[in-house]
Amino acid sequence: MALELAFTPPFDPGIFSFLAARAVTGVEEADATSYARTIALTGGRGPMFGTHGWFRVSWDGTALWLDFELEDPSSTTDLLLAVRHLFNLDHDPVAADAALSADPLLAPRVAAVPGIRLPGCVDSAEILIRAMVGQQITVAAARTALNQLMPLATPSRLPHGTMTHVFAAPGEIAAGGRAILRGPQRRIDSILTVSALLANGTLAFGEQDTLDSLHEKLLPLPGIGPWTVGYVAMRVLGNSNIFLPTDAAVRNGYGLLRGDSPAEARTIKAAELARMAAPLQPWQSYLTLHLWRVAGEK
């Protein structure tokens with residue numbers, strides 16, 4: 001029997017499209033109103049250990065429904081917490097929308113798309129690897145690269161439909177990624193180095209971290225800059241106040257929102273974007289999402 005998930009309305013279902021655009025074949029299934037994936041609730045151990053399972057969240061226009069199956073039913077609470085974090089279900093959209101609507105340029109946009117949600121995650125290491133693979137390439141190209149890692153992934157002990165594997169673990173990527181990953185050698189080296197650090201426990205982070213501690217842990221690592229840390233903070237920490245002024249889609253979305261031509265939008269400086277975003281604290285992550293959405297819609 002499906003469980004109804006509680007949340008504070010309004011709820012914008014665009015989060016499903018965000019996840020669908022990044023869905024890894026064999027691990028995830030998604031469309032505009034549903035998202036499903038395999039999961040390994042490992043408690044910090046590798047994917048061969050812990051509880052395997054799958055879940056599906058569906059939107060019927062008014063309610064969110066959760067279907068799932070786990071090897072060990074005692075892990076249900078952990079799964080529910082992960083799903084709530086992934087879909088930002090403890091967010092107060094009324095407060096965020098009111099703050100963003102104070103900006104005259106954003107007000108019509110917020111009125112048209114109320115209740116936008118910040119995508120979270122079910123595994124912090126996975127998000128860091130996704131972010132590093134996706135740096136400076138399109139979402140579609142990053143998805144292709146992540147799909148190529150599937151031969152390294154552990155088969156799920158509880159497959160469901162096309163979802164046959166759990167997401168490739170850091171140790172699996174560190175051991176076999178060099179033969180599969182494509183792109184600049186420096187980026188590949190960085191991904192493999194960070195994967196090895198995650199696998200041996202030298203690097204560990206999660207929801208318990210702060211933005212400061214995340215910077216301390218990640219910025220010294222090869223191939224990780226402020227954009228990557230900001231993206232990880234949004235999705236792992238659920239930090240509501242991350243703005244990415246150097247992000248091309250943020251720049252383009254802002255330009256499109258104010259009526260610039262594509263050529264004009266490309267001339268917008270990061271400093272100008274940062275000044276625009278400053279009064280919208282502590283909800284800058286939701287501003288980022290709106291601008292990403294605008295850039296994707298045009």
Side-chain angles (χ1 to χ4, degrees), residues 24 26-28 37-53 70-72 74-75 77-86 119-135 142 145-146 148-158 165-181 185-239 242:
V24 175
V27 175
E28 300 164 291
R37 68 167 292 158
T38 57
I39 193 167
L41 298 168
T42 65
R45 297 174 293 169
M48 292 298 293
F49 305 96
T51 297
H52 281 203
L70 294 170
E71 287 180 306
D72 181 0
S74 69
S75 297
T77 297
D78 291 337
L79 174 66
L80 290 173
L81 290 172
V83 169
R84 293 194 65 79
H85 178 61
L86 176 63
C121 70
V122 299
D123 183 87
S124 56
E126 175 184 321
I127 288 298
L128 179 55
I129 290 168
R130 284 178 179 262
M132 295 186 71
V133 169
Q135 288 178 129
L146 290 166
Q148 292 169 345
L149 292 174
M150 278 302 297
L152 305 177
T154 297
S156 173
R157 294 191 298 270
L158 204 60
H165 289 67
V166 297
F167 189 88
E172 294 166 335
I173 295 171
R178 189 170 298 280
I180 291 176
L181 289 168
Q185 193 60 48
R186 189 172 179 180
R187 185 176 63 172
I188 293 172
D189 290 343
S190 297
I191 293 168
L192 297 179
T193 296
V194 171
S195 295
L197 294 173
L198 289 165
N200 66 27
T202 301
L203 174 62
F205 63 95
E207 287 183 67
Q208 73 282 356
D209 276 283
T210 64
L211 183 58
D212 286 342
S213 68
L214 200 65
H215 275 91
E216 291 172 4
K217 292 178 180 181
L218 298 185
L219 276 180
L221 300 177
I224 295 181
W227 182 94
T228 303
V229 178
Y231 184 81
V232 170
M234 291 172 70
R235 299 204 57 185
V236 174
L237 307 186
N239 190 302
I242 300 297

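The first residue of the sequence shown is numbered 1, and numbering continues consecutively from there.
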Side chains of [X] and [Y]: closer than 4.5 Å at any heavy-atom pair?
| X | Y | answer |
| --- | --- | --- |
| Ile242 | Leu211 | yes |
| Thr210 | His215 | no |
| Gln185 | Ile188 | yes |
| Met150 | Val27 | yes |
| His52 | Thr38 | no |
| Val122 | Phe167 | no |
| Leu41 | Leu70 | yes |
| Pro155 | His165 | yes |

Supply the atom-to-atom distance [X] [atom1] to [Y] [atom2], rounded to the nearest 0.5 angstrom.
| X | Y | atom1 | atom2 | answer |
| --- | --- | --- | --- | --- |
| Thr51 | Asp72 | OG1 | CG | 4.5 Å |
| Leu192 | Ile129 | CG | CD1 | 10.0 Å |
| Leu146 | Glu28 | CG | CD | 9.0 Å |
| Ile191 | Arg186 | CD1 | CZ | 13.0 Å |
| Leu80 | Ser75 | CG | OG | 11.0 Å |

Distance-only criterion, 3.5 Å: show the donor-acceptor pairs between side-chain atoms of residues 227-234 and protein atoms not counting sequence neighbours.
residue	atom	partner	partner atom	Å
Trp227	NE1	Asp247	OD2	2.8
Thr228	OG1	Gln135	OE1	2.3
Tyr231	OH	Arg235	NH1	3.0

May I ask you to decide if Val236's main-chain N or O and Ser124's side chain share a donor-acceptor pair within less than 3.5 Å?
no
Check: Leu237 main-chain N/O paired with His85 side-chain donor or acceptor under 3.5 Å:
no
Quick one: do Leu128 and Ile224 satisfy side chain to side chain contact (heavy atoms under 4.5 Å, CB included)? Show the steps, please.
CA-CA 9 Å; Leu128 179 55; Ile224 295 181; 4.0 Å; yes
Of the non-hydrogen atoms in [X] and [Y], which two are nearest, and what is the gap between them?
| X | Y | result |
| --- | --- | --- |
| Ile173 | Ala168 | CD1-O, 3.8 Å |
| Gly134 | Ala142 | CA-CB, 3.7 Å |
| Ile127 | Gly120 | CD1-O, 4.4 Å |
| Pro170 | Leu198 | CB-CB, 3.7 Å |
| Pro222 | Thr193 | CG-CG2, 4.0 Å |

Residues passing the salt bridge (charged side-chain N to carboxylate O under 4.0 Å, His left out) test with Glu71, sequence neighbours excluded, are Arg157
Between Gln148 and the options Val133, Leu181, Ile180, the side-chain contact (heavy atoms from CB on, under 4.5 Å) test singles out Ile180
Tell me which pairs pass salt bridge (Lys or Arg N to Asp or Glu O under 4.0 Å) where either residue lies in residues 197-214, with sequence neighbours left out.
Asp209-Lys217
So Cys121 and Glu126, side chain to side chain contact (heavy atoms under 4.5 Å, CB included) or not? Walk me through it.
CA-CA 8 Å; Cys121 70; Glu126 175 184 321; over 6 Å; no
